[in-house]
Asks: 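Just dropping this structure here.
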Amino acid sequence: MEQTLSLIKPDAVERNLIGKIINVFEDNNLKIGHMKKIHVDRQFAEKFYEMHKERPFFNDLCNYISSGPLVAMVLEGDNAIQKNRELMGATNPSEAKEGTIRKMFAISIDKNSVHGSDSAESAKREIELFFS
Ligand code: ATP
Ligand code: MG
């Protein structure tokens, strides 16, 4: 059993997509170990996205993720990290495959509805940030 952090980002919470997105995880044998709705502040956002601090979109990214409530979840299951990434689809929804969460629900590369940890190391760090 593996754990990963999933976020339903503010654009999706705002559009009442929490249930539809959770359905995708449950239909694919991922279990919700922990879950909370939270409005993070700018300081938390900067810490969460610290690996992107040199990228040109860092400021917009931190503003966006702290712009409204999000849903944070620990997803659990076999191969949960990679499975979640596959269910999410490509970062840019215009490149995401049919049936993926981002293809179905995301608006743009910045308002892309979900986050998923990209490695075991990130999963550990991100779960501790949200759930300790
Ligand atoms: P996430 O980390 O949210 O799961 P990801 O791993 O697919 O997404 P990253 O490369 O880690 O993508 O980028 C983090 C977030 O930064 C993306 O989800 C997206 O919202 C934003 N982002 C990435 N690239 C760009 C870009 N070129 N322009 C604007 N925003 C971007
Ligand atoms: Mg990422």
Side-chain angles (χ1 to χ4, degrees):
M1 201 277 288
E2 191 172 72
Q3 292 187 318
T4 190
L5 183 86
S6 166
L7 300 181
I8 302 176
K9 293 182 177 180
D11 66 275
V13 172
E14 218 249 317
R15 289 178 291 138
N16 280 3
L17 294 169
I18 296 170
K20 290 198 172 91
I21 291 173
I22 287 176
N23 254 338
V24 176
F25 298 136
E26 293 196 325
D27 284 348
N28 286 278
N29 293 323
L30 290 171
K31 291 220 174 309
I32 298 169
H34 303 271
M35 175 163 72
K36 66 180 173 188
K37 189 178 183 190
I38 176 179
H39 189 156
V40 303
D41 65 17
R42 170 81 201 196
Q43 197 185 354
F44 184 98
E46 285 177 14
K47 190 152 195 212
F48 179 69
Y49 279 129
E50 67 189 4
M51 75 296 285
H52 297 309
K53 65 173 180 284
E54 305 302 333
R55 298 173 82 172
F57 54 82
F58 179 70
N59 190 47
D60 289 344
L61 184 59
C62 292
N63 285 339
Y64 162 65
I65 206 72
S66 58
S67 66
L70 57 78
V71 172
M73 288 171 283
V74 178
L75 297 179
E76 300 177 345
D78 290 339
N79 210 15
I81 296 169
Q82 197 195 325
K83 189 184 257 184
N84 180 37
R85 300 284 297 184
E86 283 166 11
L87 295 173
M88 285 163 51
T91 309
N92 188 340
S94 69
E95 291 163 16
K97 283 190 202 146
E98 238 17 89
T100 62
I101 293 169
R102 284 168 168 164
K103 179 72 182 186
M104 291 189 284
F105 304 124
I107 297 169
S108 59
I109 190 165
D110 43 327
K111 293 183 172 152
N112 63 2
S113 302
V114 281
H115 162 86
S117 308
D118 61 10
S119 65
E121 200 185 11
S122 310
K124 184 172 183 292
R125 186 185 79 87
E126 294 172 359
I127 289 168
E128 276 170 13
L129 253 179
F130 275 95
F131 291 97
S132 63

Asks: Dump the intermediate steps for side-chain contact (heavy atoms from CB on, under 4.5 Å) on F130 and V74, then the final yes or no.
Replies: CA-CA 9 Å; F130 275 95; V74 178; over 6 Å; no
Asks: Has S117 got a side-chain atom pairing as donor or acceptor with T4's backbone, closer than 3.5 angstrom?
Replies: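 Answer holds: no.
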Asks: What I want to check is whether the side chains of S113 and D11 have a donor and an acceptor closer together than 3.5 Å.
Replies: yes
Asks: Would I101 and L5 show up in the same hydrophobic cluster when neighbours are defined by side-chain heavy atoms closer than 4.5 Å?
Replies: no
Asks: With sequence neighbours left out, write down each residue that passes side-chain hydrogen bond (donor to acceptor under 3.5 Å, both in side chains) with E95, or none if nothing qualifies.
Replies: none
Asks: Quick check: are there more than 12 heavy atoms from other residues, nucleotides or ligands sitting under 6.0 Å from CD of E14?
Replies: no
Asks: The criterion is side chain to side chain contact (heavy atoms under 4.5 Å, CB included); which residues satisfy it with E86, sequence neighbours excluded?
Replies: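 By the side chain to side chain contact (heavy atoms under 4.5 Å, CB included) rule, E86 matches Q82.
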Asks: Does NZ or CZ of K36 fall inside the cone over F131's six-membered ring, less than 6.0 Å from its centre and within 45° of the axis?
Replies: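 Yes, K36 lies over the aromatic ring of F131.
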Asks: If hydrophobic clusters are built by linking Ile, Leu, Val, Met, Phe, Trp and Tyr wherever their side-chain heavy atoms come under 4.5 Å apart, do I127 and M73 end up in the same one?
Replies: no
Asks: Given S6, which of V71, I21, N84 fulfils the side-chain contact (heavy atoms from CB on, under 4.5 Å) condition?
Replies: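 So the option named by the test is N84.
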Asks: Check the pair K124, E128 against salt bridge (charged side-chain N to carboxylate O under 4.0 Å, His left out), reporting the backbone distance first and the verdict last.
Replies: CA-CA 6 Å; K124 184 172 183 292; E128 276 170 13; 3.3 Å; yes
Asks: For residues 22-30, which side-chain N or O atoms pair as donor and acceptor with protein atoms under 3.5 Å away, sequence neighbours left out?
Replies:
residue	atom	partner	partner atom	Å
N28	ND2	V24	O	2.8

Asks: Could you work out, with side chain to side chain contact (heavy atoms under 4.5 Å, CB included) as the rule, every residue matching E46, not counting sequence neighbours?
Replies: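 For E46 the side chain to side chain contact (heavy atoms under 4.5 Å, CB included) partners, ignoring immediate neighbours, are R42, F58, C62.
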Asks: Would the number of heavy atoms belonging to other residues, nucleotides or ligands and lying under 6.0 Å from CG of D41 be above 12?
Replies: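 For D41, atom CG is crowded (more than 12 foreign heavy atoms under 6.0 Å).
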Asks: Apply side-chain contact (heavy atoms from CB on, under 4.5 Å) to residues L17 and I8 and explain how you reach the verdict.
Replies: CA-CA 8 Å; L17 294 169; I8 302 176; 5.7 Å; no
Asks: Please list all pairs meeting ring-ring contact (aromatic ring centres under 6.0 Å, His included) that have one or both residues in residues 95-125, counting only residues at least two apart or in different chains.
Replies: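 Every pair satisfying ring-ring contact (aromatic ring centres under 6.0 Å, His included) with a residue in residues 95-125: F48-H115.
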Asks: Under a single-linkage definition using a 4.5 Å side-chain heavy-atom cutoff for Ile, Leu, Val, Met, Phe, Trp and Tyr, are L87 and L75 assigned to the same hydrophobic cluster?
Replies: yes
Asks: Less than 4.5 Å apart, any side-chain heavy atom of I38 and any of F44?
Replies: no
Asks: Would you check if the side chain of E76 reaches a backbone N or O of M1 as a donor-acceptor pair within less than 3.5 Å?
Replies: no
Asks: Would you say the side-chain atoms of K9 pair up with the backbone N or O of Y64, donor to acceptor, closer than 3.5 Å?
Replies: no
Asks: Looking only at atom types and distance, does a side-chain atom of S132 sit under 3.5 Å from a main-chain N or O of L129, one as donor and one as acceptor?
Replies: no
Asks: Is there a donor-acceptor contact under 3.5 Å from the side chain of N112 to the main chain of T91?
Replies: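 Yes: the side chain of N112 pairs with the backbone of T91.
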Asks: With sequence neighbours left out, write down each residue that passes side chain to side chain contact (heavy atoms under 4.5 Å, CB included) with S108, or none if nothing qualifies.
Replies: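 In terms of side chain to side chain contact (heavy atoms under 4.5 Å, CB included), with neighbours along the sequence ignored, S108 is linked to D110, K111.
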